[in-house]
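Have a look at the structure below, then the notes.
Chain A is the first sequence line, chain B the second, and so forth, proteins listed ahead of strands; every chain is numbered from 1.
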Amino acid sequence: MLYSQLYIPTLKEKPTEAEVISHQLMLRAGFIRKLTSGIYSFLPLGVRSLRKMEAIIREEMNRAGAQEVLLPALQPAELWQESGRWEKYGKELIRVRDRHNRDYCLGPTHEEVVTDLLRHEIRSYRQLPINLYQIQTKFRDEIRPRFGLMRGREFGMKDGYSFDRDEEGAGKTYQKMFEAYQRIFTRCGLQFKAVEADSGAIGGSYSHEFMVLAESGEDAILACTACSYAANVERAESIDRFQADPKEERKERQKISTPAQKTVEEVTRFLSIPSQRLVKTLIYQTDQGPVAVLVRGDQEVNETKLLKVLDTQELNLADEVTVQKLTGAPVGFAGAVGLSLPLWADHTLTGLKNFVMGGNEADIHWINLNWGTDVAIPRWADLRLAQEGEPCPKCQSPLKAFRGIEVGHVFKLGDKYSRSMKATFLDEQGQEQFMIMGCYGIGVGRTVAAAIEQNHDKDGIVWPMALAPFQVLITPVEWSSGSETNQWAQAIYEELENKGFEVLLDDRPERPGIKFKDADLIGIPVRVTIGPKGLAEGIVEVRERRTGQIQKVLKDQVVLIIQKLVSEALNY
RNA sequence: CGGGGCGUAGCGCAGCCUGGAUAGCGCACCUGCCUUGGGCGCAGGGGGUCGGAGGUUCAAAUCCUCUCGCCCCGACCA
């Protein structure tokens, strides 16, 4: 491809709107342009990288036995009403109406559509398992789109859906997909971690997120420093290091004046007690009304866990007015004594004795409270946020915190959709059974962006070979058409093209400085620099973008050297 | 949803507070000369009516009101 014929509008200056590096570089290097908030156009280079990503995904999905389909982006409301998600999905679902006033939505995901597709076709266990995937544009009306391709409102996603006859089959499919994902991200040259995204209550983990490790990541991960345990902080568990003394005597409860002592820090300092002896009482608003949630002073509530345990859609901390009304005290003095709200408490509070809580009166706390006698026995659950440094739930080594970009997610759905949408088949006994489903997503654009987060330097992008828009860039440093430099550039270009390499020839009548700067910015892995100085000695330069290393090679041997560089970089 | 910021030439910005004459600057673009191994140099030139609507005023990019869009931060751990 000739540079002069490609639309590559590079930017010298850093765009002010771009916060993260991948976003800045994709704009500067002319890969994408923003149309409106969270919605981007892909320019020629951007499309090339995106297509490479897609090709890798296709190869590995096909290899793993999945089949490609293409499902509609525009979907009728009826399907979503049937699954219950028309109401549940909320404001992120982009709803549209046609001229007949019929409701539709732009698909944020396709469980309803595939399930509908297959329920009409699959009758017998003999037709299972079946595993379909597509690469489609998804629409989600994100509250706050940001970071360029990382969190958009319209974005490319590979989504796959598997249908098995039973749990065992579904487990096998899940495993296959898990392995396919490992291959995909490895081929992209990414440093990633597969982390548990489910608490795994029913023996084993059935959901994994694939996280690309990056400072700018939106997700927090806790990973064990010794074993393979790794989990999204939202789901992570850990062992509580604090042990209450089992021999401690129960004491008599007592009201204490704690003027203006509201926070955990203030109260514990005021009473000279460790924060483990304080129990925080948080009032949450839920679908079923307000509830009180108790955690130890040194712990924090994990709202993701809470959401699940309470089985609620809405979950918000109550505002000051509500807290005042429900507890009779201003914020900071809530307690569970005599509180007529559903009580939930974290497991770490189980053995605690003689603890401290707010008194439900301004400037008052109770001390020496005990379960049963003073405070009604709450419903126990894992409600706390695991923290860095705490012991791993599997092997007790300390957990370490990372940040990650979620690029893939494999999830076992079970019969959630097949049941609500009646996707059934007949087994050998002629019994009607629900299909067991799984779903598997990869953010295509996001993965490309994540690759840049991990592969860049001060001059620009440093593409992994597998995702680079071109493998080789040829840069002649003088351009007068008849020059020897240009003849050689042209010759090497043609030879590489013929050998099947993806080559870009910078034939622009620009000064070398401009060509070099653009070359570094767009990040093509191998650059061949051809100039009169070298040619005088019969050599050209082969430069690797990542290392900056230059090999001076005889002009007839360039192709061999490049063959070696490219194939080594694609060797996975 | 709350708070903050911004919208002036293709891009990046100044001017606005303290209204006043042809609305500036850098980059990019066009022409010519020059130059050619890391975003040259010189000279000349084209392009905006100041996000939109309304208002105040003799006079509005500038003041006021409304509106649209974009960016950032936050969304309460008592």
Pairs meeting criterion side-chain hydrogen bond (donor to acceptor under 3.5 Å, both in side chains) with involvement of residues 26-41 of chain A, two or more places apart = His23(A)-Tyr40(A)

Between G37(B) and C33(B) - C1' atom distance, rounded Å | 23 Å

Taking the P atom of each, how far is A60(B) from C29(B), in whole Å?
-> 37 Å

Mutual orientation of the aromatic rings belonging to Tyr89(A) and Trp80(A) [parallel < 30°, tilted 30-60°, perpendicular > 60°] | perpendicular

Gap in Å between the two C1' atoms, one belonging to A59(B) and one to A21(B), rounded = 12 Å

U57(B) versus G51(B) - spacing of their P atoms, nearest Å = 23 Å

Applying the 3.5 Å cut-off to both distances, the Watson-Crick or G-U partner of G69(B) turns out to be C6(B)

Under-4.0 Å side-chain N/O to phosphate OP1/OP2 contact, Thr16(A) with C13(B) = yes

Interatomic distance, Gln24(A) CD vs C71(B) P [rounded to whole Å] | 15 Å

If the P atom of U22(B) is compared with that of C66(B), how far apart are they to the nearest Å?
-> 32 Å

For the residue pair Arg85(A) and Thr109(A), establish whether any side-chain heavy-atom pair is separated by less than 4.5 Å.
-> yes

Evaluate salt bridge (Lys or Arg N to Asp or Glu O under 4.0 Å) for Lys552(A) paired with Glu537(A), printing each intermediate quantity in order.
-> CA-CA 10 Å; Lys552(A) 299 193 174 202; Glu537(A) 302 165 43; over 6 Å; no

Which parts of nucleotides 33-39 of chain B does protein reach within less than 4.0 Å, heavy atoms only, written one letter per nucleotide 5' to 3' as B for base, S for sugar-phosphate only and - for none?
-> --BBBBB

Should we count CD of Glu497(A) as having more than 12 external heavy atoms under 6.0 Å?
-> yes

The answer to which of Gln299(A) and Arg146(A) contacts RNA chain B further toward the 5' end, by nearest nucleotide, is Arg146(A)

Taking atom P in both G5(B) and C64(B), what distance in whole Å separates the two?
-> 13 Å

Between Lys262(A) and Lys14(A), name the one whose nearest nucleotide on RNA chain B is closer to the 5' end.
-> Lys14(A)

When the P atoms of G48(B) and G4(B) are considered, how many whole Å apart are they?
-> 36 Å

Arg403(A) with Glu453(A): basic N within carboxylate O range, under 4.0 Å = no

For Val267(A), which contact category applies under a 4.0 Å heavy-atom criterion: base, sugar-phosphate, or nothing?
-> nothing

Whole-angstrom distance between G12(B) and C72(B), as gauged at atom P | 14 Å

Under the 6.0 Å and 45° cation-pi test, does Arg48(A) pair with Phe470(A)?
-> yes

Counterpart base for G37(B), defined by Watson-Crick or G-U wobble contacts under 3.5 Å | none

What about the rings of Phe355(A) and Trp371(A), do their centers lie closer together than 6.0 Å?
-> yes

Tell me what Thr281(A) touches on the nucleic acid: a base, only sugar-phosphate, or nothing, going by heavy atoms under 4.0 Å.
-> base

Compare side-chain N and O positions of Thr36(A) against OP1 and OP2 of G69(B) and report whether any pair is under 4.0 Å apart.
-> no

Answer for the Watson-Crick or wobble partner of C29(B), both distances under 3.5 Å, is G45(B)

Heavy atoms under 4.0 Å, any strand shown: does Leu385(A) hit a base, just sugar-phosphate, or nothing?
-> nothing

Base, sugar-phosphate alone, or nothing: which one does Ala18(A) contact when heavy atoms must sit under 4.0 Å apart?
-> nothing

Shortest side-chain distance from Ser37(A), nucleotide among G12(B), C70(B), C72(B) = C70(B)

